[in-house]
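Following: one structure in structure tokens, then a few remarks.
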Number of protein chains: 2
Amino acid sequence: MPEARSASGAQPVMADVAALAGVSHQTVSRVLNGSPNVRAQTRERVLAAIRTLDYRPNTAARALVTRRSRTLGVISFDSTLYGPSQMLYGIEQAARGAGYFLSIASLRHQDTRSVHEAVDRLRDQAVEGIAVIASRASAMAALARQITTVPMVTVGPADPGRLSGAGVDNEAGARAAVRYLLDQGHRTVHHVAGPDDWLEAKARQAGWRRTLEDRERPVPESTVGDWSARSGYRAALRLVDDPRMTAVFCANDHMALGFVRALHERGRRVPEDVSVVGFDDIPEAGFLNPPLSTVRQDFGELGRRGLGLLLHRIQFPDSEAAGLDGDHHVAIVAPELIVRASSARPDR
Amino acid sequence: MPEARSASGAQPVMADVAALAGVSHQTVSRVLNGSPNVRAQTRERVLAAIRTLDYRPNTAARALVTRRSRTLGVISFDSTLYGPSQMLYGIEQAARGAGYFLSIASLRHQDTRSVHEAVDRLRDQAVEGIAVIASRASAMAALARQITTVPMVTVGPADPGRLSGAGVDNEAGARAAVRYLLDQGHRTVHHVAGPDDWLEAKARQAGWRRTLEDRERPVPESTVGDWSARSGYRAALRLVDDPRMTAVFCANDHMALGFVRALHERGRRVPEDVSVVGFDDIPEAGFLNPPLSTVRQDFGELGRRGLGLLLHRIQFPDSEAAGLDGDHHVAIVAPELIVRASSARPDR
DNA sequence: GAGAGTTTTGTTAGCGCTAACAATACCGTG
DNA sequence: CACGGTATTGTTAGCGCTAACAAAACTCTC
């Protein structure tokens with residue numbers, strides 16, 4: 001006979017299901033957890049009872065006894081950038097596919113303290129792993145220093161030597177962009193870099209610089225922006241009067257479009273007078289005025305790959321045993337140059 | 001004397017802290033939960049022990065006994081749109097401020113089944129409330145129909161009569177844009193709408209249409225896009241040869257920029273030949289070619305307001321007692337017209 | 001059809017915490 | 001200094017579940 005509780009309005013518990021199905025609660029648990037040692041007929045009865053009561057196992061009770069929260073955490077940033085939200089989506093998909101819940105902690109600042117707070121917040125939640133969509137060298141360093149038993153990966157820039165993670169080969173992307181511009185016949189290529197402290201910015205700048213050096217071209221001073229269209233606009237105002245500037249590689253698309261805008265205002269045509277190449281391939285890049293040549297990164301894939309790495313690490317904790325200097329697995333995703341109308345041969 | 005466990009490498013538990021501080025575990029619990037009836041000196045001893053052991057309360061155990069998960073859920077969508085990620089960020093901030101964890105469930109499709117799956121997923125996690133960043137009328141209807149004891153709010157479009165939520169007054173924004181264009185001297189205003197099924201799209205279209213009707217202007221057939229720059233581009237190709245088209249109101253900025261691009265390709269100047277106004281005010285809107293006039297919405301504020309509503313609902317469950325047709329609280333955020341260079345008086 | 005092996009099911013304990021109550025310590029008063 | 005009241009601390013039970021073991025119910029063999 002069913003327990004008294006079963007009729008009440010409260011959430012049904014396992015005992016209610018057991019009573020309705022005429023079995024012990026342990027048998028219900030076995031059905032729920034896919035134990036093979038349950039008679040098919042019994043399983044059916046239990047499943048029917050579960051449906052009847054619309055029973056849902058209590059996650060907290062389960063987590064308490066199994067010591068597994070089945071939750072992963074993501075640390076992300078306030079950002080109007082296109083990339084992070086795409087990566088988050090990729091991560092969410094992968095987490096769901098693997099049967100994990102996903103909890104997020106976003107940061108206003110990428111400083112050490114905010115990062116620690118976010119990690120603490122997720123640890124309080126007993127997440128089994130953390131994916132970090134971070135990019136500031138300082139933030140990454142803070143993470144690497146924070147001793148934690150929770151597996152962690154980074155998603156975004158490839159940062160070999162610190163934490164494992166999935167990253168785009170930013171340097172290769174930058175090289176491809178610069179090489180292409182030089183091949184078009186430009187004497188050299190100017191650069192609008194991202195903020196100093198960002199790994200992506202550094203890698204893209206390094207790729208730009210090395211390509212010029214390899215080909216023995218003059219290396220103009222690079223300008224630093226903050227990823228925003230506004231900062232690209234400002235950078236252009238500083239460079240626009242230099243007649244030797246015929247090609248610019250901007251560290252992201254938003255700065256590139258701001259750059260283009262300023263050139264336009266000052267009467268320098270794109271691409272006839274100046275070629276501009278961006279980075280990211282935001283969805284609207286092909287519909288800007290003019291359509292923007294850029295380097296495409298597959299952010300969704302990045303998120304999925306990063307999460308794959310994290311899951312692996314959760315499953316085989318020993319793979320991290322090597323420690324901080326060990327072989328951190330880094331999944332490198334190759335970027336792809338997309339040529340559109342904002343770049344061309346120099347017009348002379 | 002400390003329990004045997006305390007020396008082991010495992011996570012410390014409350015009993016370990018109690019042993020170290022020389023009190024009962026209940027006193028530790030009291031300190032943790034801010035009970036006033038603890039002697040200051042005792043509290044200090046306990047806090048010291050907590051720090052020494054780096055103790056963190058077990059969320060699962062807590063949730064099990066209190067029946068509160070201290071977790072909220074967000075349902076969001078795969079989207080390259082600027083709005084959703086901003087709203088998510090606003091929500092996260094507000095949730096953190098209120099001491100809640102935030103769990104996300106994203107959807108590939110906005111169909112009924114996906115929506116139900118997402119809700120189930122969050123319910124499995126025992127979230128105390130759900131914020132939905134949704135916009136499809138069908139998805140919203142599915143939500144409203146899904147009987148759940150979990151409080152729910154929507155964030156994004158104002159949808160009075162169904163679920164409570166925070167929304168932008170899209171119709172007012174559209175009216176402002178159209179009124180402005182008419183005031184500039186345009187005979188009428190064309191419209192590129194968002195997808196049929198989206199509430200924002202409907203509201204903006206309604207605002208556009210009514211404003212024209214109020215002023216007894218001809219109402220051109222509107223074109224439907226999918227929010228993407230590409231669809232704006234295509235819409236423009238269909239309209240570009242109509243010489244009577246001198247002003248266009250696009251339902252979002254991405255379509256607007258695609259629209260501008262197509263006009264440019266076909267040799268129609270913006271704003272001299274055609275004025276274009278968008279909606280959203282994406283951060284780069286001011287740096288497009290030409291800078292885009294648009295209607296600004298404060299997505300972050302929207303997220304915060306929505307979450308505020310949700311928290312209220314969690315605290316006072318009765319406020320929803322009115323049922324589906326009752327007084328749903330809707331926080332309306334007013335949008336703001338931003339005039340830039342993509343719009344002007346008709347040039348004739 | 002008895003015995004050994006294999007499924008299938010049931011019973012018990014306990015995960016780490018808070019709620020409820022019980023017990024003590026402390027306070028000022030008459 | 002005994003007393004009632006209050007502030008502080010301790011004890012016990014149980015949240016809903018799974019793990020470990022125990023018991024029962026089937027097999028199959030000879």
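Proteins get letters first, then strands, A, B, ... in listed order; numbering begins at 1 in each. The figures here come from the full heavy-atom set of this structure, side chains too, leaving out hydrogens, waters and symmetry mates. Since this is a predicted model, take the numbers as computed values, not measurements.
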Check: So does B:S29 get a side-chain nitrogen or oxygen closer than 4.0 Å to the phosphate oxygens (OP1/OP2) of C:dC17?
Finding: no
Notebook entry, point to check: Nearest-Å distance, CZ (B:R67) to C1' (D:dC17)?
Noted result: 13 Å
Check: Nearest-Å distance, CZ (B:R62) to C1' (C:dC15)?
Finding: 16 Å
Check: Quick check: does any side chain N or O of B:E92 sit under 3.5 Å from a backbone N or O of A:S106, one acting as donor and the other as acceptor?
Finding: yes
Checklist line | OP1 or OP2 of D:dT8 under 4.0 Å from side-chain N/O of B:N37 | finding: yes
Next item on the list: Please test A:S103 against A:Q125 for side-chain hydrogen bond (donor to acceptor under 3.5 Å, both in side chains), starting from the C-alpha separation and ending with a verdict.
Entry: CA-CA 9 Å; A:S103 188; A:Q125 240 181 125; 2.8 Å; yes
Check: Taking it one step at a time, do B:F101 and B:R96 satisfy side-chain contact (heavy atoms from CB on, under 4.5 Å)?
Finding: CA-CA 7 Å; B:F101 299 122; B:R96 176 173 11 148; over 6 Å; no
Checklist line | Whole-Å distance separating the CG atom of B:D124 from the P atom of D:dG16 | finding: 17 Å
Check: Checking B:S76 side chain against B:I133 main chain: does a donor-acceptor pair fall under 3.5 Å?
Finding: no
Margin query: Within the structure provided, determine whether A:H312 and A:F316 are in side-chain contact (heavy-atom separation under 4.5 Å).
Written below: yes
Check: Step by step, would you call B:L72 with B:I314 a side-chain contact (heavy atoms from CB on, under 4.5 Å)?
Finding: CA-CA 10 Å; B:L72 300 177; B:I314 289 169; 3.4 Å; yes
Next item on the list: Check the pair A:E128 / A:R70 against salt bridge (charged side-chain N to carboxylate O under 4.0 Å, His left out), numbers first and verdict last.
Entry: CA-CA 7 Å; A:E128 294 180 32; A:R70 302 230 39 105; 5.4 Å; no
Margin query: How many whole angstroms separate atom CZ of B:R68 from atom P of C:dC17?
Written below: 18 Å
Polar atom pairs between nucleotides 10-12 of chain C and protein, under 3.5 Å, N or O only, would you list them?
from: C:dG10; atom 1: OP2; to: A:S24; atom 2: N; distance (Å): 2.7
from: C:dG10; atom 1: OP2; to: A:S24; atom 2: OG; distance (Å): 3.2
from: C:dG10; atom 1: OP2; to: A:T27; atom 2: OG1; distance (Å): 3.1
from: C:dG10; atom 1: N7; to: A:R30; atom 2: NH2; distance (Å): 2.7
from: C:dG10; atom 1: O6; to: A:R30; atom 2: NH1; distance (Å): 3.3
from: C:dT11; atom 1: O4; to: A:Q26; atom 2: NE2; distance (Å): 3.4

Check: Whole-Å distance between D:dA13 C1' and B:L64 CG?
Finding: 13 Å
Check: Of all heavy-atom pairs between A:V155 and A:A131, which one has the smallest distance, and what is that distance?
Finding: CG2-CB, 4.4 Å
Next item on the list: Using whole Å, report how far CG of B:L53 lies from C1' of C:dG16.
Entry: 15 Å
Next item on the list: Let me know which of A:V31, A:V38, A:V46 forms a side-chain contact (heavy atoms from CB on, under 4.5 Å) with A:V23.
Entry: A:V46
Next item on the list: Pull out every residue in residues 38-45 of chain A that has a heavy atom closer than 4.0 Å to any atom of DNA chain C, ordered by number, or say none.
Entry: A:V38, A:R39, A:T42
Margin query: In this structure, how many angstroms lie between the P atom of C:dC17 and the CG atom of B:N33, rounded?
Written below: 11 Å
Margin query: D:dC15, OP1 or OP2 - any side-chain N/O from A:N58 closer than 4.0 Å?
Written below: no
